[in-house]
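Just so we're on the same page: letters track the sequence lines, and every chain starts at 1. Everything quoted here is computed from the prediction, not taken from an experiment.
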Amino acid sequence: MINKELKLYNTLTNKKEKFEPINKDRVGMYVCGPTVYGEAHLGHARSAITFDIVFRTLKYLGYNVRYVRNFTDVGHLVNDADSGDDKVEKQASKENKEPQEVAQYYEAKYLWAMDNLNCLRPSIQPLASGHIIEQIDLVKALLDKGLAYISEGSVYFDVEKYDKTVKPYGILSHRTLENTKDNSRTLSGQEEKHNPFDFALWKKAPKEHIMKWQSPWSEGFPGWHLECSAMSRKYLGQEFDIHGGGMDLIFPHHDCEIAQSVGAYGNMPAKYWLHNNMITIEGRKMGKSYNNFITITEMFSGEHHLLQKAYNPMTIRFFMLMAHYRSTLDFSNDALIAAEKGLNRLFEAKDKINSLPESKESSFDAKKLIDDTINAVLDDFNTPIAIATLFEIAKHINSVMDKKETITKEDKDFLQTNFNDIIDNILGLKNDNKGNNEDVIKGLMSLVLDMRKHARENKDYQTSDQIRDALQELGIEIKDSKDGAQWRLNK
RNA sequence: GGUCUCUUGACCGAGUGGCUAGGUGCCGGUCUGCAAAACCGUUUACUCCAGUUCGAAUCUGGGAGAGACCUCCA
């Protein structure tokens, strides 16, 4: 264990707090994952990257972390109670596929994208559809406590009763029930509910609904917030350390989760609630509902009208880490390009450490700079400060290389270990600038063949033969024809 | 309408009551046959108004603008 203090901003208290795990060296973290009815976009990436940093930092500190992130493949209603449609199912009928088919497809795509962004896979990635029994049990527990009621085959959470008899509703978003009452929209089809702000725990499925399960109340499906309460409890226990997600989940999602868990089991599910801010695009939140999102696939390929070019995964990751996770981050090509160049500079410095000339003395305090970097990360995951400090170190590395500064062997070894450790393991930035080799080879070949053609036109057969022979050595066969030269790689 | 947040230089983006954040760009330099790359140096700043203070971009009050949540949402 590394004996350093980690501070994190707790939405519950609106304060930065010292992290003290419930168990000495084990940490449980639950993060709300995506609803798998569409492709992952930059917003999903931000959330995944944010909590990847949390995960990596905790591991760096020596904690044994169990990181749980769910896939929501069922149960999120499109439009409150009035339609009863399920997002996954709706998408399925649109694509003429089985709901499970759609969910699995997007689940795989999501994982592919996050793997590329070098996000470590969570320890457990449960599916909502695989935990119907646990969710039914939770509904039962709430009914037993009298905090839920049955209406027309559906079960609703009695928010008012909970608020009066158990705990104030809305403690995470810091709003009062009075406040919520005043502002709840009156939606159609809510006659089943006692109050408009009550939320569904179990919904009776309309006959055309495909995704449905047997329950004591009706053939139906679980309510919007239930899965996270049920699954976090199953894998992390009744009380765990960190619960995370996007800021847009604070209300109602996380407040409902709290109400369900506290109502059923008596205690707060998590101690620390962490929320990442949104990615914006032209000042607006990026999201499906605004139809202004860029998928990660599009980022990698550059095929989107707002993209000037393709961006590689590490550029995207670095771009996100250059802003603090609790600030909104505005998407722009300029910022991405700036990130790309900056990251390369950092990688170049990293590669140089090994070949630095050693001296008797160091002209700068490597230990302090590394300390500053780590302390920045430990101060509520302040990656922008950490990165700024890494750039400072990079500048020193370059200066030593230019013989304007000096470094001892000891400091050099220290940097080699720690600079790399921070970049590789804490920030999770890896230098895999392999790029698209095929395009490069094609370009190179047309260039080489062009030069050979010129040589032949000038009757410089010595050069043209030299090119052909050298290519032959590399396993590239040249075939001259009337229409020019063709080539083939014999491997 | 209610609750809350934000407003920093050409762009992105940190931050603290007093000391140049950092990146990208621009400009200058080193290097170079020329160029590019690389490296070094430099430059422009805190939405407006009033107040507290020896001193505020940072605290307080007010104005303007933007955004988030209040409905599924990372």
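Aromatic pair A:Phe199/A:Tyr156: ring centres not closer than 6.0 Å.
Within the 4.0 angstrom heavy-atom criterion, base atoms lie near A:Met286. Note on A:His275: nothing from the nucleic acid sits closer than 4.0 angstrom, heavy atoms only. A:Lys352 comes within 4.0 angstrom of the backbone, heavy atoms only, and of no base. Among the protein residues, A:Gly43 comes within range of the nucleic acid bases, having at least one heavy atom under 4.0 Å from a base atom. Among the protein residues, A:Met278 comes within range of the nucleic acid bases, having at least one heavy atom under 4.0 Å from a base atom. Among the protein residues, A:Lys341 comes within range of the sugar-phosphate backbone only, with heavy atoms under 4.0 Å from sugar or phosphate atoms but none that close to a base. Across all strands, A:Gly245 comes closer than 4.0 Å only to sugar-phosphate atoms, never to a base (heavy-atom distances). Among the heavy atoms of the strands, none lies under 4.0 Å from A:Ile250.
Minimum interatomic distance between A:Ser332 and A:Ala335 (heavy atoms only, all atoms of both residues): OG-N, 3.1 Å.
One C1' atom belongs to B:rU47, the other to B:rU5, and the distance between them is 16 Å to the nearest Å. To the nearest whole angstrom, the two P atoms, one in B:rU43 and one in B:rG28, are 15 Å apart. Here the separation of B:rC49 from B:rC54, taken at their C1' atoms, is 23 Å to the nearest Å.
RNA chain B is contacted by A:Asn382, A:Pro384, A:Ile385, A:Ala388, A:Phe391, A:Lys395, A:Asn398 of residues 382-399 of chain A, taking any non-hydrogen atom closer than 4.0 Å.
In this structure, of B:rU3, B:rG13, B:rA74, it is B:rA74 that holds the atom nearest to the side chain of A:Asn276. With distances taken from any side-chain atom of A:Lys404 to the nucleotides B:rC40, B:rA74, B:rG23, the minimum falls on B:rC40. Of all nucleotides listed (B:rU3, B:rA38, B:rC12), B:rC12 comes nearest to the side chain of A:Ser332.
In this structure, A:Tyr290 reaches the B:rA68 phosphate: one of its side-chain N or O atoms is under 4.0 Å from OP1 or OP2. Contact between the side-chain N/O atoms of A:Lys285 and the OP1/OP2 oxygens of B:rC69 is found at a separation under 4.0 Å. Considering only side-chain N and O atoms, A:Thr280 lies nowhere under 4.0 angstrom from the phosphate OP1 or OP2 of B:rG67. Regarding contacts with the backbone of B:rU24, a side-chain N or O of A:Arg345 is found under 4.0 angstrom from either OP1 or OP2.
Atom CD of A:Glu39 and atom P of B:rA74 are 14 Å apart (whole Å).
Nearer to the 5' terminus of RNA chain B, by closest-nucleotide assignment, is the contact made by A:His174 (compared with the other of A:Arg284 and A:His174).
Remark: A:Asp424 engages A:Lys350 in a salt bridge, criterion side-chain N to carboxylate O under 4.0 Å.
Distance alone, capped at 3.5 Å, places no donor-acceptor pair between the A:Asn179 side chain and the A:Arg175 backbone.
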